Protein chains: 2
Amino acid sequence: MGKAKTGVDRRTPTIADVAARAEVSLSTVSRVMNGSTTVDAALAERVREAALALGYSASPLARSLVLGKTQTLAVVVPDLGNPTFQGALRGLSDGASEKGYHVLVADSHERAADERELAIEARRRCDGIVLCAPRMPAEELDEILPLLAPVVVINRDPGRADVPSVFADYRSGLTQMLQHVYDLGHRHLVYLEGSENAASNRNRLAAIHEFGATHDDVRIDVVPGGVGFEDGYSAAQSVVGTGATAAIAFNDLAAMGLLNALTEQGVRVPQDVSITGFDDIPFARYTTPPLTTAAVPVEELGAQAWERVWALLNGRTPAYNLSFGPLVVARGSTGPAPAA
Amino acid sequence: MGKAKTGVDRRTPTIADVAARAEVSLSTVSRVMNGSTTVDAALAERVREAALALGYSASPLARSLVLGKTQTLAVVVPDLGNPTFQGALRGLSDGASEKGYHVLVADSHERAADERELAIEARRRCDGIVLCAPRMPAEELDEILPLLAPVVVINRDPGRADVPSVFADYRSGLTQMLQHVYDLGHRHLVYLEGSENAASNRNRLAAIHEFGATHDDVRIDVVPGGVGFEDGYSAAQSVVGTGATAAIAFNDLAAMGLLNALTEQGVRVPQDVSITGFDDIPFARYTTPPLTTAAVPVEELGAQAWERVWALLNGRTPAYNLSFGPLVVARGSTGPAPAA
DNA sequence: ATGGTGAGAGAAAGCGTTTTCTCAACCCTA
DNA sequence: TAGGGTTGAGAAAACGCTTTCTCTCACCAT
């Protein structure tokens, strides 16, 4: 099985092949391919013909090396299976591809420990990175951010002025949500917590504490929950145990799990217990009853993130940081508090 | 703002910097970094120290160029917003990252026209590619497949023996589904079609025709539908118009849209009309009533696809092509046919 | 002593581009 | 007709690595 010298070989053609065929120098080929005007029309045509005949196109790798840019953007998300991040990824990907950029995704599987290495490694292959690492400790984030530049942080406040960010204002969103159920007459609430160490969970807790502090007539319990269906599902007992009339779930997924468990147990929603989610994932409106939630425009969030990396990439100062104030979408899963 | 020659510069260190600091040659540094044993222990230690001090790690770009491999896999999907492809992407990504591989995603936005260029372009930056292009004409697919190798095709039959593939057997799945509603007594069905030119739609149609041919007592209408919520939602009229007692939707998304529209119009599911989906996306079980569907293990599908590229990448012959026979999951959206 | 061996390390080639540098030829003007 | 300015194209350096090739030196057996 020696390398027989068969006339045609399967190796992808290089610039040298084109140069040889067109009987010009490498430089000329390069110039033609990059649209430099400083080349004779006849020669240019010859080069183009040769390139076409050979099916040549420049190696992105070699090009990246010399140009110092890869035309690729890294994105780190905690969980590719979560609709929230899927949405952001989509918005990002759309924006990027529009500008001829490629997207490298890395899924950290919610393991905060891996995020650092994952991000740094991914970043090295790209021109910039969008980081979504809700569980990473603030100090660690602050530490790696400079190594990652150009970087934009998504879904949390990076806590540094020099790093653009786009995120939902979970605190204000949850405050609105609390007000919503309060207005419906609920006075005993329960918050089904997300990951304890997640920034967005802390934001929500802040809203809860503030709301509790400013409303003496309301009681808010906090029980452990999580970020997925199952977490919400298995928290049903503790929710019921509190005797609260309204359950504020960390997100839509948990809310849906809870809703399901409650319904199975014969608890009527919203007659007995009101339930709220967070994010307004595409499916939130299709549950029974449809889920009341705080809408976060995730795809737009991704799009805005792209806009900011793009600015950074072009040496421009990105637009102001964006903090989306989630909007409460009142649907069927919340109703008036049952008469005591 | 000239480039002042400040002692410390922010440029990422190269192998030359490490060599200089350790007072050895480039070759030695390279050898140490790649774990070659043929280097003196003392020297090796010096190199490691220097690398650490400088925070050096080899440029993946330069490395890729010389090694001829990028440690990256391209994935082309028709729609990042679709749970089916999200699942596959996830399975793929998990497998890849386990082997230190990165994943480049490209979303073709269901535009068959773009898929070709997208795939070729993405492929050039990677060592291999997983292609999911349901709408691409068979001839075009057949034409570009050789250019893409190593490649594995997902979600459709590539029609060439030399290209590994992993896909769901839509035909058998739909046949089972038809049998399911038939067994429930339904004799007048309506198929809510997907994209006309999609391979998986043709597979389903084949099942329909066959079923119709072998069961004279059953009538199956076909109406235009689509692949998303809205498509299903807006097809409600034509579905009702047929007078069928069971609607077979192209996929879960369309089924959910249809379910929603029907419910709004006071049509009871499944008392008046039974509805079935396809894929068993995570949310299918949370509709009201829960959706009867044919389960396709999308994540596993992605995982298997990875296994096959991985084999290809290592010069091994990948395992047999896999065709998952979807399993009907009977849930609440299908019931006995109403008495005529 | 001496030629052979083998280990360890540096020099240099090569990966496929882009771009600066250099040079030859041409045209114009004095 | 000579000199200066364009214009166009090739040679070569650079990007940051890996790996082959080459060389030196120490060691061992003869």
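Computed from a prediction, not measured in an experiment: that's the story for all the values here. Numbers restart at 1 for each chain; the letters A, B, ... are given by sequence-line order, proteins then strands.
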Peer 1: Just jot down the side-chain hydrogen bond (donor to acceptor under 3.5 Å, both in side chains) partners of A:E300, sequence neighbours excluded, or say none.
Peer 2: A:Q304
Peer 1: For B:L43, which contact category applies under a 4.0 Å heavy-atom criterion: base, sugar-phosphate, or nothing?
Peer 2: sugar-phosphate
Peer 1: With A:R90, which residues qualify under side-chain hydrogen bond (donor to acceptor under 3.5 Å, both in side chains), at least two apart?
Peer 2: B:D79
Peer 1: A:K69 NZ to D:dA14 P: how many Å, rounded?
Peer 2: 22 Å
Peer 1: Can you check whether B:N197's main-chain N or O pairs, donor with acceptor, with B:S195's side chain at less than 3.5 Å?
Peer 2: no
Peer 1: Inspect the contact between A:R46 and A:E49 and indicate whether a charged nitrogen and a carboxylate oxygen are less than 4.0 angstrom apart.
Peer 2: no
Peer 1: Figure out the CG/C1' separation between A:D40 and D:dT6, and round it to whole Å.
Peer 2: 15 Å
Peer 1: Is the ring pair B:Y101/B:W310 parallel, tilted or perpendicular, if the boundaries are 30 and 60 degrees?
Peer 2: perpendicular
Peer 1: For nucleotides 12-22 of chain C, give me one character per nucleotide, 5' to 3': B if any protein heavy atom sits under 4.0 Å from the base, S if the only such contacts are to the sugar-phosphate, - if neither.
Peer 2: B-BBBBBBB--
